[in-house]
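Each chain gets a letter, A, B and so on, in the order the sequences are listed, and its residues count up from 1. The model shown is predicted, which means the values in this text are computed figures rather than measured ones.
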Amino acid sequence: MVDTQAITDNERWAGVYKLLDRNSLIHPEFEPQEEIKEFIQSCKILVIGAGGLGCEILKNLALSGFCDIHVIDMDTIDVSNLNRQFLFRRADVGKPKAVTAAAFINKRVQGVTVTPHYCKIQDKDEDFYSEFALVICGLDSIEARRWMNATLVGMRDEDNPDSLKPLIDGGTEGFKGQARVILPGITSCYECSMDMLSKPTGFPLCTIANTPRLPEHCIEWAHILEWPNVHGERKMDTDDPKDIQWLYETALARAKQYNIQGVTYSLTQGVVKNIIPAIAATNAIIAASCCNEALKIATTCAKNLNNYMMYSGNDSVYTYTFEHQRKDDCPVCSTSATKLDFKSDKTLEELMDYLKEKPDVQLKKPSFALGGKPLYMQAPKQLEEAMRPNLQKPLGELFSSGDELTITDSTLPFSLQVIVTFI
Amino acid sequence: MDAKTQKYDRQLRLWGSGGQQALESAHILLINASAVGCEILKNLVLPGIGQFTVIDQGAVTQSDIGSNFFLDADSLGKSRAERATELLGELNEDVSGHWVAKDILSALTENPSFLSQFSTVIATDITRQVAEKVSSLCWNNQQAIPFVWVKTVGLLGTARVALPEHVIVETHPDNVADIRIDTPFPELSNYAKSFDFNTQDTLEFGHIPYVAILLKYMDEWKQEHDGKIPGTYAEKNQLKANIRSGMRSGDDENFDEAINSVLRSCQPTVVPSTVKAIFSDPKCETLTAESSNFWILARAVRDFVNDHGKSGGLLPLSGTIPDMKAQTDSYVTLQSIYKTKAKQDVQEVSKLVDTVLESLGLAPGSIASEEIETFCKYSAFLKVIRYRSLEDEYTQPKTKQIASWLSEEDSVFAQYVLLRASDSFFDDHGRYPGEGDDWEEDVDHLHANVATLLQSWGIDTEVISKDQTHEICRFGRGAIHNIASFMGGVVSQEVIKLITHQYIPMDNTFIFDGARSVSAVFAV
């Protein structure tokens, strides 16, 4: 039985303390102070996600000396997580990630307390988020990142320094990844870089229905067209192996009909679940990068990343560090409206579809209002039904050129101000 | 799906069952259960390497548990090798872990061929002398063993890979499509001609595959230009305009696809210079019964290319074409035309492989047909990396290249110099700069080591400032977990590439500067 009193911080954190106790001529503005060590121990840090990146982030923060860490994750553990989410074992499959991860870290690292929250990020409010000094995201969805970004940016009050919550965001895919530091209201935010995202691959419906050529087309046919035919109202459960098996067999039959090779169970799963390949190594690199920034921000022992580092590992090892610029008309972090040119004879529905597709907007279910007056609302039901005819009206009938529309979307805690000029 | 396939699904999508088998046959040696060493192993155990061995004579200290996730409070005072092996082993029940509580030099003294059992050696927390000795043993082993030397010093991390030669067939290039618009083979030309460009059926017209469209207009161009394909930018634009004039409506996607492919199609299909270099390599020219499959296959493909009657002077057809707007049966037919030709090329190459094998006194058919097929498919992207040994790095420095690297603004290479100087400091003082409390006193000494090194290369000693030297002393060779974890990710990934022979490893020194969040690779 080890005498835990014998473990001293000075010995345990020797590596980090060398940075904190010693001045630097490269970073002359850094002043060694005991308060910094106290700050690391006492501050609250929030980790979003307890998956591939999250497990790494929790480990890294705990071994950097942070003692009060919270983690949010709404998922439970799956077998396919075990090749990289190292805080989980086979016996943990089915359990909540946040809870399991927290328990592991608490047991392994002396003196740290990881508090789990088994829920969605949207289930927490601004009061919750304002308790933290720093937020580190290891998310796997654009939607969640946008929400978190908009929330933290929205919370920032220039007159209150405590309201500035640095957001460190990491993402990975196969051998690629990126880490970025967002200082809300100061640096470019997540929304500013929406146009950098590559368009998600989808196949045209006519190809899927009439002229399949690739095994993927056959799979999407089974998924989108044949399933409702056969199963009616019942929605597919992509986590149910039986449903995937049905899809695979159905896709295979269609492929045989058209002489198309290549439909496999693995491809079927990959297509319908939009599976992204993932390995421990890439997650380790990006998570470590994020936590390295967290330590620098929390201690000022060196300058933090300003503000984006991209990484690619399939050909040699390559990183590219640059400062992403703020977007002047960013709907989240700037106050100016976005400008848009559109034909006045196009309908409101066409404008809506355009905004859904546009890479730097990507709304899911937008609602439109003009100066407080609603033009089309997705909810509540009665209002939606009453306003639905507006969708087919040409824009020229609904408002004038140069008017400013307010567009909202249930997935986003911010509104988009758009000035439409008719062309 | 069996349990293992389920578990490894996300990684199998990157390196397939072939790569996974290679990993599961590997036995990795980690010298010293340092923080970075254990992080490297974590990322190798999780994806399922066959075995690992940790050799470390040390006992677990407090600073160990503060930087190493695989040593905990219960481990204090115990064998580092033993405890790290236990905690790492928990990560994956399919992996076997072993430990040796010894110093690597003692182990080698007791058993000079200790390293031969391993397929990769990863060394951490060792001195330069030990690195040179171990890397030399790995290099000269009957079957050369990849050696990786990893260091973390404060916010810096570095990794050096050394092995005589690494060959890659499955480089996973972004695009393997091999369409041959400039040099269509007869079956392709004939099929393309079968499409009716005068059809009044709009659906049919709109689904003529772009390959057929390109071939038609390219053919017309060649007839008007002495058999030549467009060469200048203006000519390529003219071809685009010609194609555009054939469109019937603004929506003809297939014509758009053809126009978008003009630039690429006007790049003549040739044997890339990298592949030509492989063909003229002595190991391709002079084969023995000990030659690896890679070189035997390279020779066979070279012989195929040189037989213009069979190959037209080109590499085997890859057989892959991109998706395109087309009716199902035209696409499937087109696809099978390419696949059939690719298969024919593989058959020709296979005959040549057998000829080569026989000439070496080896059994024909002893290289699996899948291997020949894969080699042919990726023949345009083959890669051979010849690393420089540590011995060459130290005794034959690339002074011109080094001067060039150091002349860049904010050069990352400066850290290489500082870390090399730190090794010299160790030779002088038996410890590393900044390790003790009087850390600033080491600055002058270390800076003198830096100056000596630069002078030996004939480089102006001003290129490294004393501030930079001061920073190394500030780091005091401290182990910082984030940096250990970052390097753990990078090195494990490189080791996976080396074991699976897939994707392209870095050559040969990687440096991460965590203070500036930048990195670079140098072939020192």
Peer 1: Give, as side chain, backbone, both or neither, the part of A/L87 having an atom under 4.5 angstrom from any heavy atom of chain B.
Peer 2: side chain
Peer 1: Is a donor on one side and an acceptor on the other found under 3.5 Å between the side chain of B/R474 and the backbone of A/L25?
Peer 2: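 A pair under 3.5 Å: no.
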Peer 1: Taking atom types as modelled and ignoring hydrogens, do the side chains of B/N482 and A/S64 form a donor-acceptor contact shorter than 3.5 angstrom?
Peer 2: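 B/N482 vs A/S64: donor-acceptor pair found between side chains.
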Peer 1: Quick one: are B/F69 and A/I105 in side-chain contact, heavy atoms under 4.5 Å?
Peer 2: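 Side chain of B/F69 against side chain of A/I105, heavy atoms only: contact under 4.5 Å found.
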Peer 1: Is B/V518 close to chain A through its backbone or its side chain, or both, or neither, when contacts mean heavy atoms under 4.5 Å?
Peer 2: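 Both the backbone and the side chain of B/V518 come within 4.5 Å of chain A.
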Peer 1: Which of the residues B/Y503, B/F510, B/F512, B/F70 is involved in the greatest number of heavy-atom pairs with chain A at under 4.5 angstrom?
Peer 2: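 Highest number of pairs under 4.5 Å: B/Y503.
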Peer 1: With a 4.5 Å cut-off on side-chain heavy atoms, are A/L214 and B/Y331 touching?
Peer 2: yes
Peer 1: Taking B/G514, B/S330, B/P505 one by one, which has the highest count of heavy-atom pairs under 4.5 Å against chain A?
Peer 2: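 The residue among B/G514, B/S330, B/P505 with the greatest pair count is B/G514.
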Peer 1: Does any non-hydrogen side-chain atom of B/L87 lie less than 4.5 Å from one of A/R108?
Peer 2: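 They are in contact (side-chain heavy atoms under 4.5 Å apart), so the answer is yes.
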Peer 1: Given that the side chain runs from C-beta out, which part of B/M487 has a heavy atom under 4.5 Å from chain A: side chain, backbone, both or neither?
Peer 2: neither
Peer 1: Distance check, rounded to the nearest 0.5 Å: B/R13 atom CZ versus A/I279 atom CD1?
Peer 2: 14.5 Å
Peer 1: Let me know if B/E39 has heavy atoms under 4.5 Å from chain A in its side chain, its backbone, both or neither.
Peer 2: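 Only the side chain of B/E39 comes within 4.5 Å of chain A.
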Peer 1: Examine whether an atom of B/K325 lies under 4.5 Å from a heavy atom of chain A, and if so say whether it belongs to the side chain, the backbone or both; otherwise answer neither.
Peer 2: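 Backbone of B/K325 only, per the 4.5 Å heavy-atom cut-off to chain A.
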Peer 1: Between B/G478, B/S492, B/S519, who has the most heavy-atom pairs with chain A when the cutoff is under 4.5 Å?
Peer 2: B/S519
Peer 1: Let me know if B/I483 has heavy atoms under 4.5 Å from chain A in its side chain, its backbone, both or neither.
Peer 2: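 It is the side chain, since no backbone atom gets that close.
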Peer 1: Using non-hydrogen atoms and a 4.5 Å limit, figure out which bit of B/D64 sits close to chain A: side chain, backbone, both or neither.
Peer 2: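 Neither the backbone nor the side chain of B/D64 comes within 4.5 Å of chain A.
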Peer 1: Check whether A/R84 reaches the backbone of B/Q11 with its side chain - one donor and one acceptor, N or O, closer than 3.5 Å.
Peer 2: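 No, because the side chain of A/R84 does not come within donor-acceptor range (under 3.5 Å) of the backbone of B/Q11.
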Peer 1: Can you tell me which portion of B/Q502 sits under 4.5 Å from chain A's heavy atoms? Options are side chain, backbone, both or neither.
Peer 2: neither
Peer 1: Sort B/L155 into side chain, backbone, both or neither according to what part of it lies under 4.5 angstrom from a heavy atom of chain A.
Peer 2: side chain
Peer 1: So which of B/D329, B/L91, B/I496, B/T171 has the largest heavy-atom pair count under 4.5 angstrom toward chain A?
Peer 2: B/L91
Peer 1: Quick one: of B/R10, B/E471, B/H172, who has the most non-hydrogen atom pairs under 4.5 Å with chain A?
Peer 2: B/R10
Peer 1: At a 4.5 Å cut-off on heavy atoms, which part of B/V490 comes close to chain A: side chain, backbone, both, or neither?
Peer 2: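 Looking at B/V490, backbone and side chain both touch chain A.
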Peer 1: Please classify the contact between A/N210 and chain B as side chain, backbone, both or neither, with a heavy-atom cut-off of under 4.5 Å.
Peer 2: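 For A/N210, the backbone is the part near chain B, not the side chain.
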Peer 1: Which bit of B/E253 is near chain A, if near means a heavy-atom gap under 4.5 Å: side chain, backbone, both or neither?
Peer 2: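 Neither part, no heavy atoms under 4.5 Å.
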Peer 1: How about A/E31: does its CD atom have over 12 heavy atoms from other parts shown lying under 6.0 Å from it?
Peer 2: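 It does not: A/E31 CD has 12 such atoms or fewer within range.
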Peer 1: For each of B/A520, B/S63, B/P47, tally heavy-atom pairs with chain A at distances under 4.5 Å, and name the one with the top tally.
Peer 2: B/S63
